[in-house]
Amino acid sequence: MGTKAQRQEMTMETFNHQKIGMFEKIAYGMSNMGGNICNTAIASFITLYYTDSVGIAAATVGTMLLIARIFDAISDIVMGTVIDRTNTKWGQARPWFVLSILPFVLSTILVFAVPDGMSTLGKTIYMYVTYIFTGVICYTMNSLAAVSMQSLMTGDTKERMGLNAPYQIFGFVSIIAVNMVTINLVETTEESKKEIKVTLRQGLPVLLRNKYFYIVLILSISNYITINTFNAGGVYYAMYILGNGNLFGLMTIAGMLPTILLTTAVPYVGNKLGKKNTLMLGYILQAVGFVIVNISVIHWITVQFL
């Protein structure tokens, strides 16, 4: 049988070369659909719902989003620590993923169910409690546990990449599905307060004839690919371009701080410039940032290989 140290070495060797079957990869990828359906519904429509349907001021909503972001940064650290210290027969991350499902679904429903009879203060308090509970606690538990499972299923980096691909693909499919279906259910004008029911069969042909749908779709796909490529390559950028992997933490903070600050500014900028110009300004700033980052990448490649 060998010594305990030898058995542990054999176990680690097996883990580092653990292969993941295609069915398991697809099943893991599909786990991203449920969480993304809830998260996309909130991310895409919650501001519109709070301001246009509930009647909460945009500045109040923006302040709440800022506070939620701050708490979210803390909850990520706490949840990561909890997962690291978890040791059950079901694994480290899987119990937390399973436990998060029902609360996440129910809390997402509650976020979009602000009672009509409440005062403005009551609605604001309800918004804070349900949104922060959903985004800061439930979503963090769900997404962090799901992502953590990649590193716990195999030590083989190629296999982890194979797990991440379907995870991202199914997530992207769910985002498109939510935005395509839900857009037919969202009405924002005063006239829309009349009960109007549009079926998917009626709305889909209209959507497919709308040129702005394709513009938004292309922008969304480009944005998704760019951001996820940057996020996935961040640690490599710190290690190989900056020469210090420990700088990845500072890079993360540098990326989060502008996001936190600009979240509260978007309602004000949107009111001044309009949605179209605000969107264009955001993409211009994003493009400038990625150009600056990629100048150093191109320089590194040139030095290494030319």
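For the atom pair CD1 of Ile42 and OG1 of Thr130, the computed distance is 8.5 Å after rounding to the nearest 0.5 Å. Interatomic distance, Tyr50 OH to Met64 CE, rounded to the nearest 0.5 Å: 5.0 Å. Put simply, OH on Tyr128 and CD1 on Ile67 are 3.5 Å apart, with the number rounded to the nearest 0.5 Å. With rounding to the nearest 0.5 Å, the separation of CD1 in Ile101 from SG in Cys38 is 10.0 Å.
Residues Tyr139 and Val111 do not share a hydrophobic cluster, clusters being chains of Ile/Leu/Val/Met/Phe/Trp/Tyr side chains in contact below 4.5 Å. Hydrophobic cluster membership is shared by Val78 and Leu144, with clusters built from Ile, Leu, Val, Met, Phe, Trp and Tyr side chains linked at under 4.5 angstrom. Tracing side-chain contacts under 4.5 Å through hydrophobic residues (I, L, V, M, F, W, Y), one reaches Met30 starting from Met22; they form part of the same cluster. Cluster annotation: Phe112 and Met127 are assigned to the same hydrophobic cluster (Ile/Leu/Val/Met/Phe/Trp/Tyr, side-chain heavy-atom contacts under 4.5 Å, transitive). No continuous path of ILVMFWY side-chain contacts below 4.5 Å connects Met141 to Met149, so the two sit in separate hydrophobic clusters.
Environment of CE in Met33: crowded, with over 12 heavy atoms of neighbouring residues, nucleotides or ligands closer than 6.0 Å.
Proximity of Phe71 to Ile137: side-chain heavy atoms (C-beta onward) are nowhere separated by under 4.5 Å. Counting only heavy atoms from C-beta outward, the side chains of Val114 and Tyr49 approach each other to under 4.5 Å.
Applying the side-chain hydrogen bond (donor to acceptor under 3.5 Å, both in side chains) test to pairs two or more places apart or on separate chains, those with a residue in residues 101-118 are Ser107-Thr134.
Summarising the geometry of Tyr126 relative to Ala113, their closest heavy-atom pair is OH-O, 3.2 Å, with the distance given to 0.1 Å. The shortest heavy-atom contact between Thr140 and Ser75 is OG1-OG, 3.3 Å. Considering every non-hydrogen atom in both Asp84 and Gln92, the closest pair reads O-NE2, 3.0 Å. When every heavy atom of Tyr28 is checked against every heavy atom of Ala146, the shortest pair comes out as OH-O, 2.6 Å. Thr86 and Gly91 get closest at one heavy-atom pair: CG2-O, 4.0 Å. Taking each heavy atom of Lys123 and Met118 in turn, the nearest pair found is CE-O, 3.4 Å.
In summary, of the residues considered (Ile83, Asp76, Ile77), a side chain to side chain contact (heavy atoms under 4.5 Å, CB included) with Met79 occurs for Ile83 alone.
The side-chain hydrogen bond (donor to acceptor under 3.5 Å, both in side chains) search around Ser100 returns Asn142, not counting sequence neighbours.
Under a 3.5 Å cut-off, the side chain of Thr51 and the backbone N or O of Ala58 do not form any donor-acceptor pair. Under the 3.5 Å distance criterion, the side-chain polar atoms of Tyr131 are left unmatched by any main-chain donor or acceptor of Leu65.
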